[in-house]
Each structure stands twice: as C-alpha cells, then as structure tokens.
There are 2 protein chains.
Amino acid sequence: MKPESREVVWRGRLFDVVVERWQGRERELVEHRRSAAVVAFDRAGRLVLVRQLREAVGGRALLELPAGLVDDGEDEVAAARRELAEETGLRGGRWRELRRLQPSPGFLREPLTVFLAEELEEGDRELDDGEDVELVRVPPDEVEALLPELEDAKTLVGVLLALRVRAG
Amino acid sequence: MKPESREVVWRGRLFDVVVERWQGRERELVEHRRSAAVVAFDRAGRLVLVRQLREAVGGRALLELPAGLVDDGEDEVAAARRELAEETGLRGGRWRELRRLQPSPGFLREPLTVFLAEELEEGDRELDDGEDVELVRVPPDEVEALLPELEDAKTLVGVLLALRVRAG
C-alpha cells in the first residue's frame with residue numbers, strides 16, 4: 001500500500017517528520033534511518049551490553065544491546081558487525097538474524113534488525129569522538145537476574161529471544 | 001539531569017520534536033505522549049490481540065497488544081483499562097504491571113507501561129469513529145507458535161514476559 005500524498009514537514013539529522021494521507025486521513029509519522037542491534041556473547045559465554053546516558057529518558061544511563069544506524073548502501077548485518085566492533089571491540093563469531101522489529105509502529109518508521117552473535121573474539125574498541133559507552137559483561141548464570149533492570153525494548157526482545165534460542 | 005537548553009522545533013498532534021543541549025551537544029528528540037498496553041487473557045485463557053493497518057510500516061497489518069495514549073491527568077492503568085475495553089470489550093480481571101519500557105531510547109521520549117491482565121470478562125467494544133481493529137484470540141497452546149509472526153516491540157516484550165510469569 002502507498003499513501004495518497006506525502007510531505008516532509010521537518011528535516012533532521014537522524015530523522016524526518018512526514019505527514020502522509022492514507023485513505024483520506026492524515027498521519028504524522030517519524031521517519032528514522034534503519035538500525036541494527038546485536039545480542040552479543042563472548043567466548044566465555046558472557047552477554048556483552050553497553051551502558052550509556054540517554055537524553056531521551058532524562059539523562060539516565062540505560063543498559064542496552066550494542067546498536068547503531070545502518071549507513072546508506074550498507075546491509076544490516078554489516079552495520080551490526082561494524083557497530084559491535086566500534087563499541088565493544090568484539091568481532092568474528094557465529095551470527096544469525098533473530099528478529100526484524102518495529103519499535104513503535106503507531107507513528108515511527110524505524111526498521112530495526114536484531115542479530116544474535118556467539119563465540120565473539122576480542123579486539124580493540126574504536127569509539128567515536130565524545131562517545132561515552134561503558135561495557136558490561138554478564139556471566140551466563142546472571143542473565144536471568146538482570147532482566148528486571150532492562151527498560152530498552154530492543155534489548156528486552158533480543159535477550160528474551162536469545163535465552164529461548166540458546167536454551168532450546 | 002537536565003538539558004542546558006530546550007527548543008520545540010515542530011509541534012504535532014501526537015508528538016513534538018525538540019532540540020535539547022546536553023553537556024554542550026545538541027540532541028534531536030521526539031517527545032511523545034505516555035502510552036499503555038495490555039497483555040490480555042480472557043476467561044478461557046486465550047491471549048487477545050488486535051490486528052490493524054499501520055501506515056508507519058507501509059500500510060501492513062500488524063498483530064499487537066491492545067494499547068493507546070494516556071490522557072492528561074490519567075494514570076497508566078486507568079488508560080490501559082479504558083483502551084482495552086474500547087478495543088476489545090474486555091474488562092474486570094486481575095491486573096499487574098509487567099514492565100516500563102523505552103521503545104527507542106536513542107531519540108524517542110515515549111514512556112510506555114505494559115500490563116498483564118488475566119481472567120478478563122466479556123463486554124461490548126466501543127471503537128472510535130474510523131477505527132478498524134480486528135480482534136484475534138489465541139488459544140493458550142498456540143501462543144508459542146505465534147511468536148515468529150510478531151514484529152511490534154511492545155507486543156514481543158509483553159508476550160515473552162507474560163509467558164515467563166505464567167509458566168513460573
């Protein structure tokens with residue numbers, strides 16, 4: 001299906017706001033670039049998460065999957081591998097796609113792909129200037145106890161699906 | 001923590017775009033109203049979902065938890081009960097909070113609370129004008145098989161957490 005009309009009403013660096021007409025009704029939508037995230041396990045079986053300040057939630061630090069934007073012309077798995085290496089130094093390993101997600105489909109157009117990567121090898125981090133990202137490694141038997149602390153939707157989906165895949 | 005400055009750069013019906021300065025860096029953020037969603041089980045133990053067209057994902061129909069906006073001055077559980085009754089007719093039952101979620105914390109300020117409601121009683125639906133929402137009731141032994149079809153983040157988080165709560 002396609003909208004009858006479409007107008008960009010605000011243009012940003014990370015996302016645009018568009019107003020589209022569908023079946024005679026106007027919809028305000030946020031159009032965000034594609035993104036990719038990874039449920040990452042190192043060779044010791046530890047889940048590797050990142051903790052960073054999030055201005056959108058009042059400047060609190062959230063515990064999240066390593067993730068980032070997919071560049072133009074790049075595919076999702078390449079973006080996920082690149083972001084994982086930059087933020088954590090981890091590379092290599094065995095990869096599979098866990099799920100394509102819609103973070104908030106009522107108004108947000110942000111296709112997000114979540115991968116599972118296991119047996120990752122250590123390497124050097126390459127954080128962007130000004131990126132302040134703390135690495136958190138969670139031993140296999142402590143992942144369950146961590147669940148109540150998670151607020152980020154992609155992280156909860158990824159970790160819950162990964163626990164099922166690895167258990168079964 | 002608070003931003004050093006804040007400017008509303010686009011104002012919509014459902015969300016605004018704001019530019020805030022945090023520690024000297026400008027952030028583009030989408031500020032959305034609070035929302036609430038329900039993992040709803042009827043008295044036969046069936047999971048009750050809604051299927052509706054979503055313009056943000058190209059006009060495809062997604063299977064989701066009943067959900068909606070929290071009105072000004074309303075609390076989350078009242079909003080969830082109201083939306084559930086409007087969309088499905090279900091009311092009463094036993095309620096508990098499952099999780100407070102951030103759907104996309106990199107740029108979206110949308111506090112979303114997911115509830116679990118069980119033993120719900122049947123009643124009449126009260127759909128808003130123009131709302132086209134199909135009810136889908138999933139028997140208890142078919143919920144697992146449904147998981148691969150789910151793309152909406154709040155629905156996946158809610159259903160996966162509810163399966164754990166109900167199993168344990």
Side-chain angles (χ1 to χ4, degrees), chain A residues 1-3 9-10 12-15 17 19-32 35 52-60 62 64 67-69 99-112 130 132 144 147-148 150-157 160-161 163-164, chain B residues 1-3 9-10 12-15 17 19-32 35 52-60 62 64 67-69 99-112 130 132 144 147-148 150-157 160-161 163-164:
Chain A
M1 286 177 70
K2 287 199 167 177
V9 294
W10 187 81
R13 281 177 293 207
L14 203 58
F15 58 84
V17 178
V19 174
E20 293 181 351
R21 182 169 287 274
W22 289 79
Q23 298 170 303
R25 283 198 292 266
E26 274 197 353
R27 298 291 183 192
E28 299 168 354
L29 304 171
V30 172
E31 207 163 63
H32 190 279
S35 52
Q52 57 191 325
L53 289 191
R54 288 304 203 178
E55 294 84 359
V57 302
R60 286 187 296 122
L62 293 193
E64 298 179 38
L69 300 175
R99 188 62 55 108
R100 287 174 190 248
L101 275 187
Q102 302 294 340
S104 198
F107 72 101
L108 174 59
R109 185 173 288 157
E110 181 191 7
L112 164 63
D132 184 13
E144 289 278 341
L147 292 176
L150 302 178
E151 294 175 57
D152 170 43
K154 69 176 174 301
T155 303
L156 269 163
V157 169
L160 289 168
L161 288 178
L163 285 175
R164 297 168 65 92
Chain B
M1 285 178 72
K2 288 199 164 175
V9 295
W10 188 81
R13 282 178 294 209
L14 202 59
F15 59 84
V17 179
V19 175
E20 294 181 350
R21 181 169 287 273
W22 290 79
Q23 299 171 301
R25 282 198 292 265
E26 274 198 352
R27 297 291 183 194
E28 299 168 354
L29 304 170
V30 173
E31 206 163 64
H32 189 279
S35 52
Q52 57 191 325
L53 289 191
R54 288 305 202 178
E55 294 83 359
V57 302
R60 287 188 296 122
L62 292 193
E64 298 179 39
L69 300 176
R99 188 60 57 108
R100 287 173 191 248
L101 274 188
Q102 302 295 340
S104 198
F107 73 101
L108 174 60
R109 185 172 287 157
E110 182 191 7
L112 164 63
D132 184 13
E144 288 279 338
L147 292 176
L150 301 178
E151 293 175 58
D152 171 43
K154 69 177 174 301
T155 303
L156 268 163
V157 170
L160 289 168
L161 288 179
L163 286 175
R164 297 168 65 91

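Throughout, protein chains are lettered first and strands after them, A, B, ... in sequence-line order, and every chain is numbered starting at 1. Side chains included, hydrogens not; waters and symmetry mates left out as well; all remaining heavy atoms used. This structure is a prediction, so every number in the text was calculated from the model and none was measured.
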Legend entry - Among the listed options B:K2, B:Q52, B:R164, the residue most often paired with chain A at heavy-atom distances under 4.5 Å: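 That would be B:R164.
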Legend entry - Max heavy-atom pair count under 4.5 Å with chain A, selected residue of B:L160, B:T155, B:L62, B:L53: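 Most heavy-atom pairs under 4.5 Å with chain A: B:L160.
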Legend entry - For the student: nearest non-hydrogen atoms of B:L29 and B:G106, plus distance: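 Closest approach of B:L29 to B:G106, heavy atoms only: CD2-O, 4.5 Å.
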Inset, instruction - Mind listing the closest non-hydrogen atom pair of B:A153 and A:A153 along with its distance? - result: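 Closest approach of B:A153 to A:A153, heavy atoms only: CB-CB, 4.0 Å.
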With a 4.5 angstrom heavy-atom cut-off, could you sort out which part of [X] is near chain B: side chain, backbone, both or neither?
X      : result
A:L14  : both
A:R99  : side chain
A:E64  : side chain
A:R60  : side chain
A:L150 : both
A:E31  : neither
A:V157 : both

Heavy-atom proximity to chain A below 4.5 Å, by part of [X]:
X     : answer
B:Q23 : side chain
B:V17 : side chain
B:R13 : both

Is any side-chain heavy atom of [X] less than 4.5 Å from a side-chain heavy atom of [Y]?
X      : Y      : result
B:F15  : B:L108 : no
A:E110 : A:S35  : yes
A:L147 : B:L161 : no
B:H32  : B:L69  : yes
A:F107 : B:V30  : yes

Inset, instruction - Output, in order, the C-alpha distance, side-chain angles, deciding distance and verdict of side chain to side chain contact (heavy atoms under 4.5 Å, CB included) for A:Q102 and B:R54. - result: CA-CA 11 Å; A:Q102 302 294 340; B:R54 288 305 202 178; over 6 Å; no
Options [options], ranked by heavy-atom pairs under 4.5 Å with chain B, top entry:
options                     : value
A:S104, A:P3, A:P105, A:A67 : A:P105
A:E20, A:E28, A:R109        : A:E28
A:V19, A:V9, A:L112         : A:V9

Inset, instruction - State the CH2-CZ distance between B:W22 and B:R27, to the nearest 0.5 angstrom. - result: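 Between B:W22 CH2 and B:R27 CZ, I get 10.5 Å after rounding to 0.5 Å.
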